[in-house]
Amino acid sequence: MGNIDVKNLIVEFDIFNADNEVVSKKRVIDDISFSVNEGDFVCIIGKNGSGKSTLAKCLNGLIIPTGGDVLIYGMNTKNEEQLIDIRKNIGMAFQNPDNQIVASIVEEDVAFGMENLGFSPEEMDKRIDESLKILGIQELRFAQTSKISGGQKQKVSLAGILCMKSKILVLDEPTSMIDKNGRLDLLNKVYELNKKEKITVILISHYIEEISFADRVIVMNQGKIILDDTPKNVVLKDELLNNAGIELPYITRMAKELKSFGKKLNGNEFSVEELCQFLK
Ligand SMILES: Nc1ncnc2c1ncn2[C@@H]1O[C@H](COP(=O)(O)OP(=O)(O)OP(=O)(O)O)[C@@H](O)[C@H]1O
Ligand SMILES: [Mg+2]
């Protein structure tokens, strides 16, 4: 058993007509199974509408499966009495940070999740400070949440999640509003948390470059898992990725191109350094 076990998960949504009657069902997650172990860094990719956010919401029990089961440390999300414990173990960053900002001042927002857990004011203060520091936004501590940018909101909501010190982080496109440098910076910090503190990370992304941070990549298409492998093996599956509407990372495309000209490359390189090594 892993710390996340997804077994034959099916999610169907009701489709309504104008009179609010259910006219059909739409299957969004179509019988998927996987386990994630403590300390894993898993990246989930897939084109728009492939079911990534729905899957994320199943992991913390916001969506209850139509079929199959989701177990977090063996606790089933269908079991209502265990939902609080499940959510203590999973810190979740939603795709749209506006839905997640609840307070008018940054430090209040960051503290929100801790408020009902009985921490002392000193402990809360320490955790707020630490989390803002990790994300490099200490200067925003007393800022108004209505006056910060989308990317800053994403960092603030992430700081609130880090304060909870959950064992598992589920991050649904946490960098979608941050520029490229900021994005890589933030992911490096998440990577550090994963490696140093053994926090399990599930990163949902539509930036294919981000898979290089992960130990393992799950590729989704139309509610199914079509690949579950290391980043290096995943990018070798050109045709499957292409059919799923996923473009390869730029450097990898270049590596494949050079390989086709007879250069000694594997065609799964991610970084300029790797390319240069082979070209030398
Ligand atoms: N509450 C809902 N009711 C009906 N359909 C829904 C609901 N939520 C999501 N869907 C549909 O389910 C499918 C999967 O949506 P989901 O948000 O999980 O995809 P995604 O992979 O996260 O996409 P994106 O990359 O755009 O974030 C989409 O077709 C979406 O329209
Ligand atoms: Mg989504």
Side-chain angles (χ1 to χ4, degrees), residues 4 6-34 36 41-70 72 77-78 83 90-101 150-151 153-155 157-158 161 168-178 180 183 186-187 190 201-211 213-214 216-228 231 234 237 240-249:
I4 299 174
V6 174
K7 295 182 187 165
N8 302 106
L9 177 65
I10 293 173
V11 176
E12 290 176 348
F13 289 119
D14 292 335
I15 304 296
F16 300 91
N17 66 11
D19 298 323
N20 228 8
E21 296 156 339
V22 177
V23 284
S24 63
K25 302 242 176 225
K26 176 173 177 178
R27 186 170 287 206
V28 173
I29 300 286
D30 193 6
D31 193 4
I32 69 177
S33 301
F34 64 94
V36 175
F41 192 137
V42 181
C43 187
I44 300 179
I45 58 169
K47 69 173 182 201
N48 290 344
S50 55
K52 306 179 297 295
S53 294
T54 305
L55 173 60
K57 289 176 193 158
C58 288
L59 296 180
N60 79 343
L62 264 181
I63 294 178
I64 301 302
T66 312
D69 294 286
V70 176
I72 306 297
T77 59
K78 284 177 182 161
L83 270 184
I90 294 205
M92 172 127 177
F94 296 93
Q95 196 163 353
N96 180 350
D98 281 324
N99 297 342
Q100 214 164 348
I101 300 281
K153 280 183 191 163
Q154 283 189 311
K155 288 184 186 170
S157 56
L158 201 51
I161 293 156
I168 305 172
L169 289 179
V170 177
L171 310 175
D172 192 354
E173 308 206 8
T175 63
S176 56
M177 298 184 181
I178 302 174
K180 190 171 178 202
R183 229 162 63 208
L186 194 143
L187 289 177
V190 172
V201 176
I202 311 270
L203 169 69
I204 295 172
S205 178
H206 68 245
Y207 297 109
I208 179 91
E209 282 78 11
E210 295 184 355
I211 66 172
F213 286 92
R216 171 179 164 203
V217 184
I218 290 177
V219 184
M220 291 187 65
N221 189 28
Q222 296 182 335
K224 288 191 191 325
I225 293 180
I226 58 160
L227 280 170
D228 182 346
V234 161
K237 301 281 176 5
L240 268 175
L241 293 175
N242 198 14
N243 290 341
I246 297 167
E247 206 172 70
L248 288 165

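Remember, it's 1-based here, ligands and their atoms both numbered in the order they're listed.
For ligand 1, the atoms sitting less than 4.0 Å from at least one non-hydrogen atom of Ser50 are 19 (O), 21 (O), numbered in the order shown with element in parentheses. Distances below 4.0 Å separate heavy atoms of Gly51 from the following atoms of ligand 1: 14 (C), 18 (O), 19 (O), 20 (P), 21 (O).
Of the protein's non-hydrogen atoms, Ser53 CB, 3.7 Å is the one closest to atom 17 (O) of ligand 1. Annotation: atom 23 (O) of ligand 1 to nearest protein heavy atom, Gly49 N, 2.8 Å. Of the protein's heavy atoms, Lys52 NZ, 2.7 Å lies nearest to atom 25 (O) of ligand 1. In terms of protein heavy-atom proximity, atom 29 (O) of ligand 1 is closest to Lys26 NZ, 2.8 Å. For atom 9 (C) of ligand 1, the closest non-hydrogen atom of the protein is Phe13 CE1, 3.6 Å. Atom 13 (C) of ligand 1 has Val28 CG1, 3.5 Å as its closest protein atom, hydrogens excluded (heavy atom only). Among protein heavy atoms, atom 15 (O) of ligand 1 sits closest to Thr54 OG1, 3.8 Å.
Contact annotation: for Asn48 versus ligand 1, heavy atoms closer than 4.0 Å belong to both the backbone and the side chain. Only the side chain of Gln95 comes within 4.0 Å of ligand 1, judged by heavy-atom distances.
Of the candidates His206, Arg183, Gln154, Ser176 forms a side-chain hydrogen bond (donor to acceptor under 3.5 Å, both in side chains) with just one, namely Gln154.
Between Val219 and Asn221 the shortest side-chain heavy-atom distance does not fall below 4.5 Å. Considering only heavy atoms from C-beta on, Val234 comes within 4.5 Å of Leu241 through its side chain. At least one side-chain heavy atom of Leu171 sits less than 4.5 Å from a side-chain heavy atom of Val190. Counting heavy atoms from C-beta outward, Lys25 and Asp14 have side chains that approach closer than 4.5 Å. Residues Asp30 and Gln222 form no side-chain contact, since every pair of their non-hydrogen atoms from C-beta on lies 4.5 Å or further apart. Taking 4.5 Å as the limit, some side-chain heavy atom of Asn8 sits within range of a side-chain heavy atom of Asp31.
To the nearest 10 degrees, the angle centred on the Mg ion (ligand 2) between OG in Ser53 and OE1 in Gln95 reads 80°.
Using a 4.0 angstrom heavy-atom cutoff, Glu173 counts as in contact with ligand 1.
There is no side-chain donor-acceptor pair under 3.5 Å between Glu12 and Thr66.
Residues meeting the side-chain hydrogen bond (donor to acceptor under 3.5 Å, both in side chains) test with Ser53, sequence neighbours left out: Gln95, Asp172.
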